[in-house]
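Protein chains get the first letters and strands the later ones, always in sequence-line order, with residue 1 at the start of each. As the structure is a prediction and not an experimental result, all values here were calculated from the model.
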Protein chains: 2
Amino acid sequence: MAVGKPEKIDIASIISRLPLFVEVPPAQLQHVAAESRERRLAKGEMLFHKGDPARGFFVIIWGQIKLAFPSSTGNEKVVQVLGPRQSFGEAVMFMDRPYPVLAEAVSDAMVLHIPRKPVIELIERDTSFALAMLAGLSTRLHSLVHDVESYSLRSSTQRLIGYLLQQCPAEGKGTAEIELPTSKQLIASLLNLTPETLSRIFRDLGDSGLIEVHGRLIKIPDIARLREVDF
Amino acid sequence: MAVGKPEKIDIASIISRLPLFVEVPPAQLQHVAAESRERRLAKGEMLFHKGDPARGFFVIIWGQIKLAFPSSTGNEKVVQVLGPRQSFGEAVMFMDRPYPVLAEAVSDAMVLHIPRKPVIELIERDTSFALAMLAGLSTRLHSLVHDVESYSLRSSTQRLIGYLLQQCPAEGKGTAEIELPTSKQLIASLLNLTPETLSRIFRDLGDSGLIEVHGRLIKIPDIARLREVDF
DNA sequence: CCCTTTCCTTGATCGGCATCAAGAAGAAGG
DNA sequence: CCTTCTTCTTGATGCCGATCAAGGAAAGGG
């Protein structure tokens, strides 16, 4: 199977547009860019396993990567599905510990590996970069806390509704159409459900007129009403 | 009702034991400690409202604080209930945004307010401090990720066993005795269980001879055997 | 010491979600 | 186009853990 698009990649320009690096003067980024390496992955290919040593972090150029806990019984738990311009692995990099999750390409994909050393040097040289990284990690902590909360005190239907509302473009009212970004299987695992249960919830929400399901296209006739639902 | 215990508080030592600061050399923390202030709260008292500017973050010395989204209809949405040694508001502090939630004392409580400025100044003056903070935040992220794993792919019995093994002094084999550090109610909530279910699991494990329960003292006759259990 | 309150335990019942099983609908590939 | 594989849906059944209800055991407080 061919591994995706063959265009030449400008590492420096991609790095400079990352949220994490956007405030950093381009000159200071040259060192980081020079040491970074691109890597292509075929669908299903592993980027790293749980327990592998972390020598840097990754940024997705295109394609999708999932982070998940392996499970001996086959039903692994997907923690996140990440898309272009998103990064992962920064936190582990600072602790000198192995990865706590595995990373696998969900589609053909290309990632950039940014090694630990130039990043640390950049932090030591540029305090505003250090602050940007702290803000980035803080944001991630926040969303993880939110996840834990969802698992523990929201029902499966509520979790799906929350997911759908998250996908809505703006905080708009009225109507919306959502193109699911990945397979329903993956979404099920993200929401800590089996595919069967997810399918049933989709049907129930459809029967209630709260959403319309057309394959992977979801129509929401009344966002406000969906937000008010309290099962 | 009197607002809690009157002991003298050693701010510096509390700060130095925070997860966020645990990697930071104590000498560097003096400036932060000097600008920190303690605050006592009666049950039900508000610490801050949603939308208030974030001028720092908080650490709970004792008592419990809840974080929640306000609601005009009175049925607010609780995001988290936090206990001693837990901190909150760091993420928002680094992002320079107002608090997205409100904080209210669930019981009589005492918190430490650590202002933003000395923390930021330390980062700007000493890059090793920034690295230490990044490591601290990373550690928290790591443990949260671990929590998510527990919730999603381990049974309630496995979670309790994991908790008990965590409390074992060394990674010893053989036998162990554990004094539960808090009420069983709280442990239940930590493990995402009801008190009833926790009680039943304790009884079942006792019936199997894997542990002995004497009130809040737990005896483990064979640590290795407990670790092997696979329900 | 008793009284009140909180904490813990036990039993009965219920429901949500997983599991098992099988079929339908798409997507990919020759 | 037909075959094959994956993804999605639907049904039947079962179990784990929550909930409801009540009683016992500690723990503080007067």
Lys184(A): which residues meet the side chain to side chain donor-acceptor pair (under 3.5 Å) condition with it, sequence neighbours left out?
none
Pick out the pairs of N or O atoms, protein on one side and nucleotides 8-10 of chain C on the other, that lie under 3.5 Å.
residue : atom : partner   : partner atom : Å
dC8(C)  : OP1  : Lys184(B) : N            : 3.0
dC8(C)  : OP2  : Lys184(B) : N            : 3.4
dC8(C)  : OP2  : Gln185(B) : N            : 3.0
dT9(C)  : OP1  : Lys184(B) : NZ           : 3.0
dT9(C)  : OP2  : Ser199(B) : OG           : 3.4
dT9(C)  : O5'  : Ser199(B) : OG           : 3.2
dT10(C) : OP2  : Arg203(B) : NE           : 3.2

In plain terms, say whether Lys66(A) and Glu76(A) are close enough for a salt bridge, that is, a side-chain N and a carboxylate O under 4.0 Å apart.
yes
Report the relative orientation of the aromatic rings in Phe88(A) and Phe58(A); use parallel for angles under 30°, tilted for 30 to 60°, perpendicular for over 60°.
parallel
Under 4.0 Å, heavy atoms only, any strand: does Thr194(A) hit a base, just the sugar-phosphate, or nothing?
base
For Ser36(A), what residues pass the side chain to side chain donor-acceptor pair (under 3.5 Å) criterion, not counting sequence neighbours?
none
Write out a two-atom table: protein N or O, nucleotide N or O from nucleotides 22-27 of chain C, distance below 3.5 Å.
none

Can you give each donor-acceptor pair under 3.5 Å made by side-chain atoms of residues 155-168 of chain B, sequence neighbours left out, with the distance rounded to 0.1 Å?
residue   : atom : partner   : partner atom : Å
Ser155(B) : OG   : Gln158(B) : N            : 3.2
Ser155(B) : OG   : Gln158(B) : OE1          : 3.4
Gln158(B) : OE1  : Ser155(B) : N            : 2.9
Arg159(B) : NE   : Leu191(B) : O            : 2.7
Arg159(B) : NH1  : Arg154(B) : O            : 3.0
Arg159(B) : NH2  : Leu191(B) : O            : 3.0
Arg159(B) : NH2  : Asn192(B) : O            : 3.4

Quick one: side chains of residues 204-218 of chain B, donor-acceptor pairs under 3.5 Å with protein atoms, not counting sequence neighbours, listed by atom name and distance.
residue   : atom : partner   : partner atom : Å
Ser208(B) : OG   : Asp204(B) : O            : 2.7
Glu212(B) : OE1  : His214(B) : NE2          : 3.1

The criterion is side-chain contact (heavy atoms from CB on, under 4.5 Å); which residues satisfy it with Pro221(A), sequence neighbours excluded?
none
Qualifying residues under side-chain contact (heavy atoms from CB on, under 4.5 Å), relative to Ala91(A), sequence neighbours excluded:
Leu137(A), Ser138(B), Leu141(B)
Just to verify, what does Thr182(A) make a side-chain contact (heavy atoms from CB on, under 4.5 Å) with, not counting sequence neighbours?
Gln64(A), Val81(A), Leu186(A), Ile187(A)
Distance under 4.0 Å to a non-hydrogen atom of chain B counts as contact; along DNA chain D, which nucleotides mark the start and end?
dG17(D) to dC20(D)
For Gln185(B) versus Pro195(B), what's the shortest heavy-atom pair and its separation?
CG-CG, 4.4 Å
Residues in side chain to side chain donor-acceptor pair (under 3.5 Å) contact with Ser13(A), at least two apart in sequence or another chain
none
Other residues, nucleotides, ligands: >12 heavy atoms within 6.0 Å of Arg55(B) CZ
no
How far does the helix from dC8(C)-dG23(D) to dG30(C)-dC1(D) bend, going by the axes of its first and last five pairs, to the nearest 10°?
40°
